[in-house]
Colleague: 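Dumping the structure here so I can ask a few things about it.
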Amino acid sequence: MNIQALLVERFKQALTELSWADAPVPVAKGNRPGFGDYQFNGAMALAKKLKQNPRDIAATILDAVKLDDVAEKLEIAGPGFINIHLKPQWLATQIKLAASNERLGVDIQSKQTVVVDYSAPNLAKEMHVGHLRSTIIGDAVVKCLEFLGHEVKRQNHMGDWGTQFGMLLAHLQDKLLQNEVAETALSDLENFYREAKVRFDSEEGFADKSREYVVRLQGGDGECLSLWQNFIDVSISHSEEVYEKLNVTLTREHVMGESAYNKDLANVITELKEKGISVEDQGAQVVFIPELADKKGNPAVYIVQKSGGGYLYATTDLAAIRYRSNVLNANRTLIFTDARQALHFKQTEIVARKAGFMNEQEQYQHCPFGMMLGKDNKPFKTRTGGTVKLVDLLDEAIERANKLVLTRSPDIEPTALKEMSHKLGIGAVKYADLSKNRTTDYVFDWDSMLSFEGNTAPYLQYAYTRIQSIFTKAGIAKGKLATDNELVITEDAEKALALQLLQLTDALQILAKEATPHVLCTYLYELASIFMRFYEACPILKEGVSGSAKQSRLMLAQHTANVLSLGLDLLGIETMQSM
RNA sequence: GCGGCGUUAGCUCAGCUGGAUAGAGCAAUUGGCUUCGAACCAAUAGGUCGGGAGUUCGAAUCUCUCACGCCGCGCCA
């Protein structure tokens with residue numbers, strides 16, 4: 001159910017009957033109390049075009065539009081707005097339909113195969129805060145797309161290849177020769193990397209040995225490959241631990257690292273050469289891109305093969321496009337990386353399209369995000385200026401939540417405390433990020449995300465548990481409320497809640513199109529606020545509430561809980577029965 | 001130099017298919033618990049939507065320009 005789409009459809013019909021079929025159909029949500037739940041704003045522009053009085057045009061449209069079933073009142077206001085007041089009973093009917101539907105009334109979209117490339121940590125090191133945004137924003141978008149009926153192919157484009165591995169493998173080899181177990185040696189990747197780097201910089205012969213390992217690795221040497229595989233396996237399991245802690249759906253099976261494309265890189269170059277797209281320049285293979293030329297006409301340069309014959313990430317990304325198009329049959333690809341790579345992906349798309357590496361109608365959508373800043377508006381770092389390990393950040397969130405829970409309920413059971421701290425802490429970190437516009441930098445601030453007030457995860461989690469307690473109090477088991485009772489809407493607060501509940505589809509559709517989870521966050525926050533207002537104004541279990549009002553309000557409450565639960569689940573945030 | 005992104009309340013952020021009086025939260029002030037959960041609600045105060053120009057009946061939203069900030073621009077990813 002999408003109210004706005006329905007209204008657009010009805011107005012389009014009316015405009016067509018009036019032979020204004022090509023006129024735009026601007027239907028917007030009402031922005032002011034008393035000015036309708038929705039408004040049609042097309043009369044003014046049409047009047048301008050036809051050189052007529054806008055209020056007359058509005059009156060004509062109002063006569064032609066068929067909304068008797070959904071609207072109780074249509075009125076012309078101001079210069080020619082048509083304000084639409086929806087029928088409470090129609091809203092009630094829609095709520096009942098949605099409440100008795102396992103998808104909560106959200107329609108399935110026409111199915112696409114969507115490749116989503118996200119998280120993509122570098123396996124040479126541990127995941128740090130820089131990977132947080134890609135991981136959780138990507139995962140929220142993935143879950144939303146799946147809910148809307150799409151076939152999603154998660155692709156974790158991990159950094160598992162490159163010259164740095166020579167040094168790491170040489171160091172690992174030495175450790176294994178000293179009878180250390182790989183898992184133990186690699187238990188702290190940061191330390192391991194640092195040790196290897198120190199040896200590389202200062203130890204006689206180690207740098208040469210490292211370079212030799214790179215050559216052997218690239219040459220497919222069996223011993224080196226198994227050493228590499230060993231390293232990668234351990235490193236991936238580190239990432240898996242973080243994913244699990246983060247409540248993110250990525251697993252080992254979604255790993256499609258850079259190395260997976262190695263065998264295709266030469267083919268990519270060959271094809272680019274054959275098609276005359278890349279040319280040799282200063283010893284390297286480059287693609288000149290006139291579309292991105294500067295004002296003097298100098299084309300942008302995109303290097304696909306180094307002068308020494310080596311490949312770059314551009315080559316790998318082109319190979320990935322071929323794989324996703326040809327093997328995964330992608331209709332659409334979403335890539336979540338930081339905004340600094342915007343130019344690279346723009347160029348990659350242009351080159352890939354010229355080379356025919358993807359179908360013309362295939363969508364290729366780079367979804368950039370801004371940096372995570374500290375409270376001082378500088379990149380988020382440790383006190384000493386180092387990068388913050390993601391596990392440390394998450395553990396701190398859980399620890400802070402733990403303290404907070406203890407101050408509020410000192411007598412809580414240890415197991416409950418542990419569970420709650422985890423859900424609150426992780427939820428707070430994720431929501432603080434997800435609720436902000438993806439594209440800009442954002443300020444990471446423990447105090448505001450864990451103050452648990454305002455637009456935060458705990459507020460939403462609280463709203464959910466508060467509803468659960470209504471049902472506990474009413475003696476109704478979870479999900480056991482009958483949905484075939486009559487639903488009557490009389491109070492303003494009831495109507496406002498019903499309307500908000502029916503706008504879930506809009507939020508999800510925008511999220512799916514723009515890959516912007518903050519739209520869903522805003523929706524859920526507004527829903528929770530509207531519910532709190534409703535609950536304040538409309539008693540449910542108190543003395544003197546009529547049977548029908550009680551049943552109706554319980555149904556609204558139940559559906560609110562279901563929508564909150566679904567929405568939070570799509571964002572990867574857990575709920576609880578009490579808190 | 002060229003290009004991308006950004007600049008909205010003291011702070012953190014929404015709003016940008018052009019629509020009526022620009023919204024939240026935090027912080028500030030005030031009111032509401034002999035409990036349907038106060039991690040809540042209600043109210044007050046807080047704005048040259050970076051500056052300027054243009055398009056338009058109408059601009060935070062579109063165009064141009066300037067300022068400031070961040071980022072990127074041939075062999076890192």
Colleague: With rounding to whole Å, what would you report as the distance between rG52(B) and rA14(B) at their P atoms?
Modeller: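 Rounded to whole Å, the distance is 24 Å.
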Colleague: For D160(A), which residues count as a salt bridge (charged side-chain N to carboxylate O under 4.0 Å, His left out) partner, sequence neighbours excluded?
Modeller: none
Colleague: Atom CE of M420(A) to atom P of rA39(B): distance rounded to whole Å?
Modeller: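 Nearest whole value for this atom pair: 13 Å.
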Colleague: What nucleotide, of rA39(B), rA20(B), rC36(B), holds the atom closest to the side chain of L541(A)?
Modeller: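 Looking only at side-chain atoms, L541(A) lies closest to rC36(B).
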Colleague: What distance, rounded to whole Å, do you find between the two P atoms, one in rG3(B) and one in rA43(B)?
Modeller: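 Result for the P pair: 49 Å, nearest Å.
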Colleague: Taking the ring centre of each residue, are F165(A) and F231(A) less than 6.0 Å apart?
Modeller: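 Aromatic pair counts; centres sit under 6.0 Å.
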Colleague: Roughly how many Å is it from CG in L481(A) to P in rC36(B), rounded to a whole number?
Modeller: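 Atom CG in L481(A) sits about 21 Å away from atom P in rC36(B).
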Colleague: Which part of the nucleic acid does T465(A) contact within heavy-atom distance under 4.0 Å: base, sugar-phosphate only, or nothing?
Modeller: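 The answer is base, as T465(A) lies within the cut-off (heavy atoms under 4.0 Å) of a base atom.
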Colleague: So which nucleotide from rC13(B), rA14(B), rA42(B) ends up closest to the side chain of Y442(A)?
Modeller: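 The listed nucleotide nearest to Y442(A)'s side chain is rC13(B).
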Colleague: Once you apply a heavy-atom cut-off of 4.0 Å, does R408(A) come out as touching a base, just sugar-phosphate, or nothing?
Modeller: base
Colleague: From the options rC36(B), rA20(B), rA39(B), select the nucleotide whose nearest atom is closest to the side chain of Q39(A).
Modeller: rA20(B)
Colleague: Run the ring-centre check on Y313(A) versus H157(A) and record whether the distance is less than 6.0 Å.
Modeller: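 Y313(A) vs H157(A): aromatic centres not under 6.0 Å.
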Colleague: Determine the interatomic distance between P on rA53(B) and the same-named atom on rU17(B); round to the nearest Å.
Modeller: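 Pairwise P distance, rA53(B) against rU17(B), rounds to 25 Å.
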Colleague: Check whether any side-chain heavy atom of L15(A) lies under 4.5 Å from a side-chain heavy atom of F40(A), and answer yes or no.
Modeller: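 A side-chain contact under 4.5 Å exists here.
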Colleague: Of the candidate nucleotides rA20(B), rC40(B), rC36(B), which contains the atom at the shortest distance from the side chain of F81(A)?
Modeller: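 Selected nucleotide: rA20(B).
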Colleague: With a 3.5 Å limit on both atom pairs, tell me what rG6(B) is paired to, counting Watson-Crick and G-U wobble, or say none.
Modeller: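 WC or wobble partner is rC68(B).
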Colleague: Rounded to whole Å, how long is the line connecting atom CG of N437(A) with atom C1' of rG6(B)?
Modeller: 11 Å
Colleague: Would you sort out whether Y431(A) and N455(A) count as a side-chain hydrogen bond (donor to acceptor under 3.5 Å, both in side chains), showing the intermediate values?
Modeller: CA-CA 9 Å; Y431(A) 191 86; N455(A) 190 6; 2.6 Å; yes
Colleague: With both distances under 3.5 angstrom, what nucleotide forms a Watson-Crick or G-U wobble pair with rA42(B)?
Modeller: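 rU30(B) is the nucleotide pairing with rA42(B).
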Colleague: Taking the nucleotide of RNA chain B with the closest heavy atom to each, which residue, I540(A) or N41(A), is nearer the 5' end?
Modeller: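 Of the two residues, N41(A) wins.
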Colleague: Once you round it to whole Å, what is the distance between C1' of rU35(B) and CD1 of I470(A)?
Modeller: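 To the nearest whole Å, that distance equals 13 Å.
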Colleague: How close or far is atom P of rC13(B) from atom CD of E526(A), stated in whole angstroms?
Modeller: 18 Å
Colleague: Reckon K542(A) touches a base, only the sugar-phosphate, or nothing at all at heavy-atom distances under 4.0 Å?
Modeller: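 The answer is base, as K542(A) lies within the cut-off (heavy atoms under 4.0 Å) of a base atom.
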Colleague: Indicate for each nucleotide in nucleotides 22-34 of chain B, in 5' to 3' sequence, whether protein heavy atoms under 4.0 Å reach the base (B), only the sugar-phosphate (S), or nothing (-).
Modeller: -SSS---------
Colleague: Using 4.0 Å as the upper bound for N to carboxylate O, is an ion pair formed by D376(A) and K378(A)?
Modeller: no
Colleague: On RNA chain B, check which nucleotide each of F444(A) and M44(A) is closest to and give me the residue with the more 5' one.
Modeller: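 Per heavy-atom nearest nucleotide, the more 5' residue is F444(A).
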Colleague: What does rC11(B) pair with, Watson-Crick or G-U, if both distances are under 3.5 Å?
Modeller: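 Base partner found: rG25(B).
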Colleague: Given atom CG of L292(A) and atom P of rG4(B), what is their separation to the nearest angstrom?
Modeller: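 About 10 Å, once rounded to whole Å.
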Colleague: Return the nucleotide paired to rC76(B): Watson-Crick means purine N1 to pyrimidine N3 with N6-O4 or O6-N4, wobble means G-U with N1-O2 and O6-N3, both under 3.5 Å.
Modeller: none
Colleague: Round to a whole Å and report the spacing from CG of L434(A) to C1' of rC13(B).
Modeller: 15 Å
Colleague: rU56(B) pairs with which nucleotide, Watson-Crick or G-U wobble, both distances below 3.5 Å?
Modeller: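 Base-paired to nothing in any strand shown.
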Colleague: Can you measure L46(A) atom CG to rU17(B) atom C1' for me and round it to whole angstrom units?
Modeller: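 Answer to the nearest Å: 17 Å.
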Colleague: Roughly how far apart, to the nearest Å, are rC16(B) and rC40(B) at atom C1'?
Modeller: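 Here rC16(B) and rC40(B) have their C1' atoms 33 Å from each other.
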Colleague: Check the pair T348(A), Y302(A) against side-chain hydrogen bond (donor to acceptor under 3.5 Å, both in side chains), reporting the backbone distance first and the verdict last.
Modeller: CA-CA 8 Å; T348(A) 301; Y302(A) 183 79; 2.8 Å; yes
Colleague: Does N83(A) reach a base, just sugar-phosphate, or nothing at all? Heavy atoms under 4.0 Å.
Modeller: base
Colleague: So, Y311(A) versus N262(A): side-chain donor-acceptor pair below 3.5 Å or not?
Modeller: no
Colleague: According to a strict under-4.0 Å criterion, is R466(A) in side-chain N/O contact with OP1 or OP2 of rC40(B)?
Modeller: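 False: R466(A) side-chain N/O out of range (4.0 Å or more) of rC40(B) OP1/OP2.
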Colleague: Need one value for T337(A): base, sugar-phosphate or nothing, where a base atom within 4.0 Å counts as base even if backbone is also close, heavy atoms only.
Modeller: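 Counting heavy atoms under 4.0 Å across all strands, no contact is made by T337(A).
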Colleague: Would you classify Q347(A) as touching base, sugar-phosphate or nothing, given that sugar-phosphate means primed atoms plus P, OP1 and OP2, and contacts are heavy atoms under 4.0 Å?
Modeller: nothing
Colleague: What's the closest nucleotide to the side chain of V443(A) if the choices are rC36(B), rC13(B), rG19(B)?
Modeller: rC13(B)
Colleague: May I ask you to evaluate whether S469(A) reaches the phosphate of rG37(B), defined as a side-chain N or O under 4.0 Å from OP1 or OP2?
Modeller: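 Result: yes.
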Colleague: As an exercise, state the distance from OH of Y462(A) to OG1 of T575(A), rounded to the nearest 0.5 Å.
Modeller: 15.5 Å
Colleague: Nearest to the side chain of M532(A), which nucleotide is it out of rG19(B), rG15(B), rC41(B)?
Modeller: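 Closest of the options to the side chain of M532(A): rC41(B).
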Colleague: Looking for any heavy atom pair under 4.0 Å, which part of the strands does V27(A) touch: base, sugar-phosphate only, or nothing?
Modeller: base
Colleague: Counting primed atoms plus P, OP1 and OP2 as sugar-phosphate and everything else as base, spell out the protein contacts along nucleotides 65-77 of chain B at 4.0 Å heavy-atom distance: B, S or - for each nucleotide, 5' to 3'.
Modeller: -----SSSSBBSB
Colleague: Tell me what P26(A) touches on the nucleic acid: a base, only sugar-phosphate, or nothing, going by heavy atoms under 4.0 Å.
Modeller: nothing
